[in-house]
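One structure is given here, and the rest of the page talks about it.
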Amino acid sequence: MKAIRVHEFGEPEVMRLEAVPDLQPGPGQVVVRIQAAGVNPVDTYIRAGLYARKPGLPYTPGVDAAGIVESVGAGVDRWRPGARVYVAGSESGTYAEQALCAESQVHPLPEKVSFAQGAAVGVPYATAYRALFQRARAVPGETVLVHGASGGVGIASVQLARAAGLTVIGTAGSEKGRELVAAEGAHHVLDHRAPDSLARLMELTGGRGVDVIVEMLANVNLGHDLTILALGGRVVVVGSRGPVEINPREAMSREADIAGMVLWNAPPAELGRIHRALVAGLENGTLRPVVGREMPLAEAPRAHRAVMEPGAYGKIVLVP
Ligand code: NAP
């Protein structure tokens, strides 16, 4: 089979399409024939050698994918060859024609969800769910700001929050992104590049502020976020690309909480609950992953540059 291989950490061009041996499932494992693989920002940090978790070299990048179960190992009773699935993590990497997964990393993909959409589920939707409901403990009737709503985690957060009965304010940096955020269910949409966006948010909430913020770029926004929280508000730091200065008094006066999260830290039982909820949402149509761009697997280097550019529009997926 063909797979993207990385022999040294570095620029996107270190990713090359190569022929590698076909994968065989061991006990408790599933081999999935991949139809589409999701591109996440974390894939670029790992490839550059900048991430805390470094795989042994050479390796195949990618966490997310969707496809068809090809073969199962001894003791696997949940899956049979031919099942449509999405993959959230694997033991072999997903930028490839096949992925080797533990049984628990494979989840059912309803017929009405395309493989490209399935490849957009794993990291973005699980992160959004954990941020909103396990870290921020958002409840119906509250107001959430999805700060950076046009990308993978952002669109997932908007759809999940809307379906759960929250009032949703989403931001994007481009007109096209703002249209998408509105179409996917945000009640209000703001431009995170506009200097008056936080003042407008306070107007929208009648001066009260928001209960929850799902923050995609904390190094830019965290200090300001604390000033637009309602009493008892919570900020979940999902993304941050550097340090930031905050005024702790803003948190004190609001009895506000700042919660960090990294999806890999979710205990197995909580991860299991997350995927149960996501599969239910995919089945009933409240979760509709948005694929902005599909690219051939060989163009992984171009996809890595694109995912780090401004003007996000849903997900980028690679097609083997
Ligand atoms: P993505 O698809 O590339 O989207 C990035 C988002 O950030 C876009 O909506 C973008 O908006 C927005 N953004 C850009 N400038 C911003 C600003 N000044 N203020 C607010 N938002 C801004 O990436 P993603 O997959 O959604 O991931 C988002 C971030 O979360 C990344 O840093 C990623 O590494 C991180 N992440 C963390 C976890 C975790 O477990 N903690 C899991 C998944 C992702 P425009 O392009 O419209 O400006």
Side-chain angles (χ1 to χ4, degrees), residues 37-48 50-53 62-64 88-89 119-132 134-136 144-160 168-184 186 189-195 197-198 201 210 213-225 228 235-242 244 258-267 270-271 274 289-293 303-317:
V39 175
N40 288 295
V42 70
D43 304 341
T44 74
Y45 318 148
I46 294 171
R47 183 219 71 234
L50 301 174
Y51 201 63
R53 281 182 168 199
V63 181
D64 295 337
V121 175
V123 168
Y125 278 80
T127 299
Y129 189 95
R130 183 161 178 78
L132 283 165
Q134 295 181 339
R135 301 297 287 131
V144 59
L145 169 66
V146 181
H147 215 169
S150 48
V153 181
I155 293 293
S157 302
V158 168
Q159 292 175 355
L160 282 162
V168 183
I169 304 172
T171 74
S174 71
E175 190 56 45
K176 205 174 148 209
R178 286 190 288 280
E179 281 167 16
L180 177 65
V181 172
E184 292 309 319
V189 183
L190 297 170
D191 177 357
H192 49 233
R193 296 192 210 293
S197 69
L198 300 186
L201 179 139
V210 295
I213 301 177
V214 178
E215 181 52 64
M216 306 304 163
L217 200 58
N219 55 301
V220 172
N221 296 322
L222 187 59
H224 307 294
D225 285 346
I228 55 164
V235 186
V236 184
V237 177
V238 169
S240 188
R241 293 180 177 164
V244 62
I258 302 170
M261 71 153 281
V262 170
L263 185 60
W264 322 131
N265 290 332
E270 290 180 34
L271 207 52
I274 291 172
V290 174
V291 176
R293 279 162 94 174
H304 272 209
R305 292 197 194 282
V307 77
M308 297 304 280
E309 281 165 8
Y313 190 89
K315 287 291 300 180
I316 299 172
V317 306

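As the structure lists them, so they are numbered: ligands from 1, and atoms in each ligand from 1.
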Output yes when K176 and E179 qualify as a salt bridge under the 4.0 Å nitrogen-oxygen rule, no when they do not.
-> no
Sub-3.5 Å N/O-N/O distance, V123 and ligand 1 = no
Could you tell me the residue and atom name of the protein heavy atom closest to atom 19 (N) of ligand 1, and the distance to it rounded to 0.1 Å?
-> N221 ND2, 2.8 Å
For ligand 1, find out whether one of its N or O atoms is nearer than 3.5 Å to an N or O atom of T171.
-> no
With a 4.5 Å limit on heavy-atom distance, are the side chains of L217 and H192 in contact?
-> no
Provide the number and element of each atom of ligand 1 under 4.0 Å from a heavy atom of T127.
-> 38 (C), 42 (C), 43 (C)
among protein heavy atoms, the one nearest atom 18 (N) of ligand 1 is L217 CD2, 3.7 Å
Please write down residue, atom name and distance for the protein heavy atom closest to atom 34 (O) of ligand 1.
-> Y45 OH, 2.5 Å
Given that the side chain starts at C-beta and the backbone is N, CA, C, O, which of these parts of A149 lies under 4.0 Å from ligand 1, counting heavy atoms, or is it both or neither?
-> backbone
Sub-4.0 Å heavy-atom approach of G177 to ligand 1 = no
Can you check whether G314 has an N/O within less than 3.5 Å of an N/O in ligand 1?
-> no
Just need the protein heavy atom nearest to atom 37 (C) of ligand 1, so name the residue and atom and give the distance.
-> V238 O, 2.9 Å
Atom indices of ligand 1 within 4.0 angstrom of A172 heavy atoms, with elements | 47 (O)
Can you find a protein heavy atom under 4.0 Å from atom 8 (C) of ligand 1?
-> yes
Under 4.0 Å, heavy atoms only, figure out whether ligand 1 is touched by the backbone of V153, its side chain, both or neither.
-> both
Any nitrogen or oxygen of P310, main chain or side chain, under 3.5 Å from a nitrogen or oxygen of ligand 1?
-> no
Quick one: look at M308 and ligand 1, take heavy-atom pairs under 4.0 Å, and tell me if it's side chain, backbone, both or neither.
-> neither
For V220, is at least one N or O under 3.5 Å away from an N or O on ligand 1?
-> no
Do any nitrogen or oxygen atoms of A312 come within less than 3.5 Å of a nitrogen or oxygen of ligand 1?
-> yes
Residue, atom and distance of the protein heavy atom nearest atom 6 (C) of ligand 1 read G148 O, 4.3 Å
H147 heavy atoms, cut-off 4.0 Å: which ligand 1 atoms fall inside?
-> 20 (C), 21 (N)
Among all protein non-hydrogen atoms, which one is nearest to atom 3 (O) of ligand 1, and what is the separation to 0.1 Å?
-> V307 O, 3.3 Å
Say whether R178 and ligand 1 are in contact under the criterion: heavy-atom distance to a ligand atom below 4.0 Å.
-> no
Ligand 1 and G151, any nitrogen or oxygen pair closer than 3.5 angstrom?
-> yes
For atom 14 (C) of ligand 1, find the nearest protein heavy atom and state the residue, atom name and distance (0.1 Å precision).
-> H192 NE2, 3.7 Å
Looking at side-chain heavy atoms only, is the closest gap between Y45 and M308 below 4.5 Å?
-> yes
Check whether any N or O atom of G173, backbone or side chain, sits under 3.5 Å from an N or O atom of ligand 1, and answer yes or no.
-> yes
Per-atom contacts, ligand 1 versus R241 - under 4.0 Å to a heavy atom = 31 (C), 32 (O)
Protein residue, atom and distance nearest to atom 40 (O) of ligand 1, heavy-atom basis = L263 N, 2.8 Å
Looking at ligand 1, does any of its N/O atoms fall within less than 3.5 Å of an N/O of S150?
-> yes
Contact with ligand 1 for R193, non-hydrogen, under 4.0 angstrom | yes
